[in-house]
Every structure is written in C-alpha cells, then in structure tokens.
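Okay, here's the structure, questions in a sec.
Just so it is clear, the model here is predicted, and its values are computed rather than measured. Count residues from 1 along the sequence.
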Amino acid sequence: MDEGLAASEPGPSVAKRARFMGPHASSSSGADPEMEIQALVSMASGLYPLARAEALSGLAAVLKKVNAGGGVVECCYACTEKLLRDEDEGIRLAAVRLVGLCAEKFAMREELGGDGDQMDWVFLQLSSMARDMCTEVRIEAFNALAKMQRVSEGVLLQSLSKKIIKTDTGSASSIKGKKLPPKLSFPCAAGIFAHGVEDEFYQVRTIACKTLGALAKLSNQYAQKALDLLMDMMNDDIEAVRLQTLQALFDMATYGCLSMQEKHMHMFLGILMDANVVVRNAARKILGSVNLPKLQMFKSALDGLIAGLKKNPEDQDIYGVLFSIGKNHGSFSANIAKHLAKEYCCCTDSFCFRGSFKFGIY
C-alpha cells in the first residue's frame, strides 16, 4: 500500500474511535471531563488527519461544558497550538475554532482577575491564521477575533496598520516580558484588517467588517482608525458587505465609540440614496443614534434625510430619524430654530410693510 495514502486515510477502527470520542463524547453521562480531555489530546497527536480533526471537535464539545478554572483550558490550548500549522485544512479549521473557544474561557477568567497577557498572545495567533490560504480558515479566524476581550491597544492598532509599530517592550518577540513562540510576534498582526477588507472573497470581507466593529469597544483610538476602513467598505459591490458594514457602525454607535467625522459625511450621506431599501434603513438607523460634533454636519444630515424623503417618499421612518437627531442634538436644533424664527419674522415684517403701503397706510 502507498505510504502517503496510508497516512491520510484512517483505518475503520481509528475512524470509528474518532467519531465516538469526537463531538458526542461530552454527552456521555457521568464522564470525567479530565479523562475525556486526556484521551482526546492523545488522539489529536495521532497519525490520521480525520482522527486529529475529530479529536479537536471533541475537545471543543467538552470545553463548552466546563468552567474557566482548572487546567482543562490550558490543556486544550496547548494541544491546539501545535495543530494551527497542520498541513490539513480541516485540522487547521478545527484548531482555530478551538482557540477561539479557549479565548472565551480565558476572557471569563480575566473578569475574575486573571492574567491579561494571555489575550494578546491568542490575538497574535489568530491574526497569523487570518492570512491562511484556506478561505474557511480565514473566516473562522476573523470570527474568533471578534470575540476577543481586553486586547492591548498596541496589538489592536498593529492589526490596522501594515507598517510595523514599535512596542513599549523594545522587542517584537515578547509580550510584557513573556517570550513568544517561534514565528509569532507583533508583525504577524500587521494590517490583517486591511488585507481582510480587500480579500477576493466577499465572505471574508463581510466577517472582517463585523470584527472591526466588535473590537472597537476595546479602544477609542482603534475605533477612530477602524472607522476609515469601514467607510471605504460602503462602496463594496456586494450588498451583504455593505449591510454588515452598516451593522458594524451601528454596533460602534451602540458602544458609544462611533464619532462621525466631517470627512466621512459625504460618503455616509450618499448611502442614504442607495437603491436598496434595507441599506437605506440601516444607514438612517445609524444617523439617528450617532453623535454629530459640528453644526454643519448636523445640517448636512438633515438635508440628506429630506432629500431622501423627496426621492423615496415611501420611507416614512425618516420622520422618526429627524426627530431622533433633533432630540440628540438639542443645541444645534435650538440654533436652527432660532435662525428660522428670525427669517420668519423678517418675512412677516416685509409682508406687513408691503400690505400697509398697498392699502395707503404709508
């Protein structure tokens, strides 16, 4: 038998054992999670790709049912790290999913006063997988990144910039004094979102936009720079990408980290005229909740909404958005009302003067 074929195709007994110990392993009653973990970790280092992939899926199933304490999470994480660079795409995909689940458990532990450096470490590993040759792996990597918590601002900013940012530690091979694994350093996160939003597959662009919005709550500086990338995505040819971009912007507005800038207003108001009613509704939803720091931006928003109402009179929700914008910007509303009142008085006085002259009062 060909040796390569033997290494890629598991025998019946191994495949059956992998399925048994895989995703359904945790459903057995009375099973000890630690024993299951040990058995699955042993299988994950086996010879056959199918067995390794099923073992990772089994680890994920068990991990979902245990708490963040103890050494179970570390055991799963240590096993998964070795398989992130596996030649088999299915194994890399399962490994990225398991790393994402470990990150959620680490985040729970941090809320209880755990070590925050671990999240930076995981972020860098997932960032390196966001450039994987497999599209599904890239999608899963960005999806896992969206669930990250308490990542250092320097690492977040590096993910937006293709230019390598110098770290405070003075070394790109460590995080706050902790040595990074081989081939893993801050540069591996450089510009992953710039690459993600330019990906040839719209599914990757979509999840990259979602992740940009999800991470914005971790850093105001990151949120401002991420806004530039998201605004560019409003011109994407694929409707699903535009909708996800708007959802990301709305999430940022909900977190209170969306500060609209004047340079973005033209692009944003343009999408109010989108041919798709769902896109227009999503854009107006954001406009009704975002903060507009300048009076001119406030006026532009009102003009854009009124122009949209003239073009699409069936969009009756525009009236509610106009009310929300006025309510959220009381000083600007008062300024415009005062200006309109003056114009009304001038028009009224002029009309009275002409009328009085006509009837011979003057």
Side-chain angles (χ1 to χ4, degrees), residues 146 153 156-157 159-163 191 193-198 202 205-309 311-312 315 317-318 321-322 324-329 331-333 335-336:
E153 189 174 66
L156 285 173
L157 295 177
S159 68
L160 298 176
S161 175
K162 295 180 180 180
K163 182 179 179 181
F193 286 109
H195 291 292
V197 297
E198 295 172 356
Y202 82 89
R205 300 198 302 275
T206 301
I207 192 63
C209 290
K210 176 183 177 182
T211 305
L212 277 168
L215 294 175
K217 63 180 180 292
L218 304 181
S219 164
N220 289 331
Q221 188 176 355
Y222 169 90
Q224 289 301 316
K225 293 182 180 296
L227 184 59
D228 293 333
L229 287 178
L230 289 171
M231 284 296 175
D232 290 339
M233 298 309 293
M234 287 194 180
N235 284 328
D236 197 275
D237 295 333
I238 304 299
E239 181 181 295
V241 178
R242 299 201 305 275
L243 282 172
Q244 183 56 69
T245 300
L246 290 168
Q247 181 61 50
L249 290 172
F250 181 75
D251 292 340
M252 292 172 66
T254 303
Y255 301 146
C257 57
L258 177 59
S259 180
M260 194 71 72
Q261 302 174 28
E262 198 164 4
K263 65 180 180 179
H264 298 140
M265 284 302 292
H266 177 73
M267 177 75 71
F268 192 80
L269 294 177
I271 207 167
L272 291 175
M273 303 297 177
D274 196 276
N276 188 304
V277 62
V278 178
V279 174
R280 295 199 305 271
N281 289 341
R284 289 194 293 267
K285 186 178 178 182
I286 297 169
L287 204 55
S289 59
V290 74
N291 176 53
L292 302 172
K294 296 183 179 180
L295 178 60
Q296 186 56 46
M297 295 172 63
F298 177 76
K299 291 180 178 179
S300 297
L302 296 182
D303 292 340
L305 287 168
I306 292 172
L309 185 60
K311 182 179 179 181
N312 302 290
D315 293 350
D317 65 309
I318 292 179
V321 177
L322 286 168
S324 296
I325 292 178
K327 182 180 178 182
N328 295 338
H329 302 80
S331 59
F332 291 162
S333 300
N335 185 296
I336 291 180

Treating Asn281 as the side-chain partner and Val277 as the backbone partner, does any N or O pair qualify as donor plus acceptor under 3.5 Å?
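Flag set: sc Asn281 to bb Val277 pair under 3.5 Å.
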Is there side-chain contact between Leu322 and Leu309, with heavy atoms separated by less than 4.5 Å?
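They are not in side-chain contact.
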Distance check, rounded to the nearest 0.5 Å: His329 atom NE2 versus Leu292 atom CG?
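His329 NE2 to Leu292 CG: 4.0 Å, rounded to 0.5 Å.
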Does a sphere of radius 6.0 Å around NZ in Lys217 hold more than 12 heavy atoms from other residues, nucleotides or ligands, not counting ones at 6.0 Å or beyond?
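Counting neighbours around NZ of Lys217, more than 12 heavy atoms of other residues, nucleotides or ligands fall under 6.0 Å, so yes.
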Give a yes or no on whether the backbone of Met231 and the side-chain of His264 come within a donor-acceptor separation of less than 3.5 Å.
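No, because the side chain of His264 does not come within donor-acceptor range (under 3.5 Å) of the backbone of Met231.
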Leu227 and Leu249: side chain to side chain contact (heavy atoms under 4.5 Å, CB included), yes or no, with the steps?
CA-CA 8 Å; Leu227 184 59; Leu249 290 172; 3.4 Å; yes
Please give me the minimum heavy-atom distance between Thr245 and Cys209, naming the atom from each residue.
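Taking Thr245 first and Cys209 second, the nearest heavy atoms are OG1-SG, 3.5 Å.
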Is there a side chain to side chain contact (heavy atoms under 4.5 Å, CB included) between Phe268 and Ile286 once you walk through the steps?
CA-CA 10 Å; Phe268 192 80; Ile286 297 169; 3.7 Å; yes
Begin from the C-alpha positions of Ile325 and Leu305 and carry the test side chain to side chain contact (heavy atoms under 4.5 Å, CB included) through to its verdict.
CA-CA 11 Å; Ile325 292 178; Leu305 287 168; 3.4 Å; yes
Full working for side chain to side chain contact (heavy atoms under 4.5 Å, CB included) between Met265 and Gln296:
CA-CA 10 Å; Met265 284 302 292; Gln296 186 56 46; over 6 Å; no
Could you give the distance from CG (Leu160) to CD (Gln221), rounded to the nearest 0.5 Å?
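Nearest 0.5 Å value for the CG-CD distance: 9.5 Å.
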Can you confirm whether the side chains of Gln247 and Asp251 place a donor and an acceptor under 3.5 Å from each other?
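Yes, because at least one side-chain N or O of Gln247 sits under 3.5 Å from a partner of the opposite role on Asp251.
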Residue pair Ser219 / Glu153, side-chain donor-acceptor N/O under 3.5 Å
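Checked: Ser219/Glu153 side chains pair up, N/O donor to acceptor below 3.5 Å.
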Look at the aromatic rings of Phe193 and Tyr222 and report parallel, tilted or perpendicular, splitting at 30° and 60°.
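It falls in the perpendicular class, over 60°.
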Separation between CG of Leu258 and CZ of Phe250, rounded to the nearest 0.5 Å
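It comes to 10.5 Å.
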Residue pair Ser289 / Lys285: nearest heavy atoms and the distance that separates them:
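For Ser289 and Lys285, the tightest heavy-atom pair comes out as OG-O, 3.4 Å.
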Looking at Val241, Leu243, Thr211, which one forms a side chain to side chain contact (heavy atoms under 4.5 Å, CB included) with Thr206?
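That would be Val241.
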Roughly how far, to the nearest 0.5 Å, is the NE2 atom of His266 from the CD1 atom of Ile271?
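So the gap between those two atoms works out to 12.0 Å.
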Taking side chain as C-beta onward, heavy atoms only, is Asn312 less than 4.5 Å from Arg280?
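Yes - at least one pair of side-chain heavy atoms lies under 4.5 Å apart.
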For Met273 against Gly308, the heavy-atom pair lying closest together
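Scanning both residues completely, I find the closest heavy atoms to be CE-N, 3.4 Å.
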As an exercise, state the distance from CG of Leu156 to CG of Leu212, rounded to the nearest 0.5 Å.
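Atom-to-atom, Leu156:CG and Leu212:CG are 10.5 Å apart.
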Taking NZ, NE, NH1 and NH2 as the nitrogens, is one of them in Arg242 or Asp274 under 4.0 Å from a carboxylate oxygen of the other?
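Counted as a salt bridge, because a side-chain N and a carboxylate O are separated by less than 4.0 Å.
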Tell me if a side-chain donor or acceptor on Asn328 pairs with a main-chain N or O of Gly288 at a distance below 3.5 Å.
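It does hold such a pair.
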For Ala223 against Met252, the heavy-atom pair lying closest together:
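Nearest pair, atom of Ala223 first, then Met252: O-CE, 3.6 Å.
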Partners meeting side chain to side chain donor-acceptor pair (under 3.5 Å) with Lys294 (sequence neighbours left out)
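If we apply the side chain to side chain donor-acceptor pair (under 3.5 Å) test to Lys294, skipping adjacent residues, the hits are Glu262.
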Residue pair Val197 / Arg205: nearest heavy atoms and the distance that separates them
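Minimum heavy-atom separation between Val197 and Arg205: O-CD, 3.1 Å.
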Identify the two heavy atoms, one from Gly213 and one from Tyr255, that lie closest to each other, and give their separation to 0.1 Å.
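Of all heavy-atom pairs spanning Gly213 and Tyr255, the closest is O-CE1, 3.5 Å.
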How many angstroms lie between atom CD of Gln244 and atom CG of Asp236, to the nearest 0.5 angstrom?
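Answer for the CD-CG pair, Gln244 versus Asp236, is 11.5 Å.
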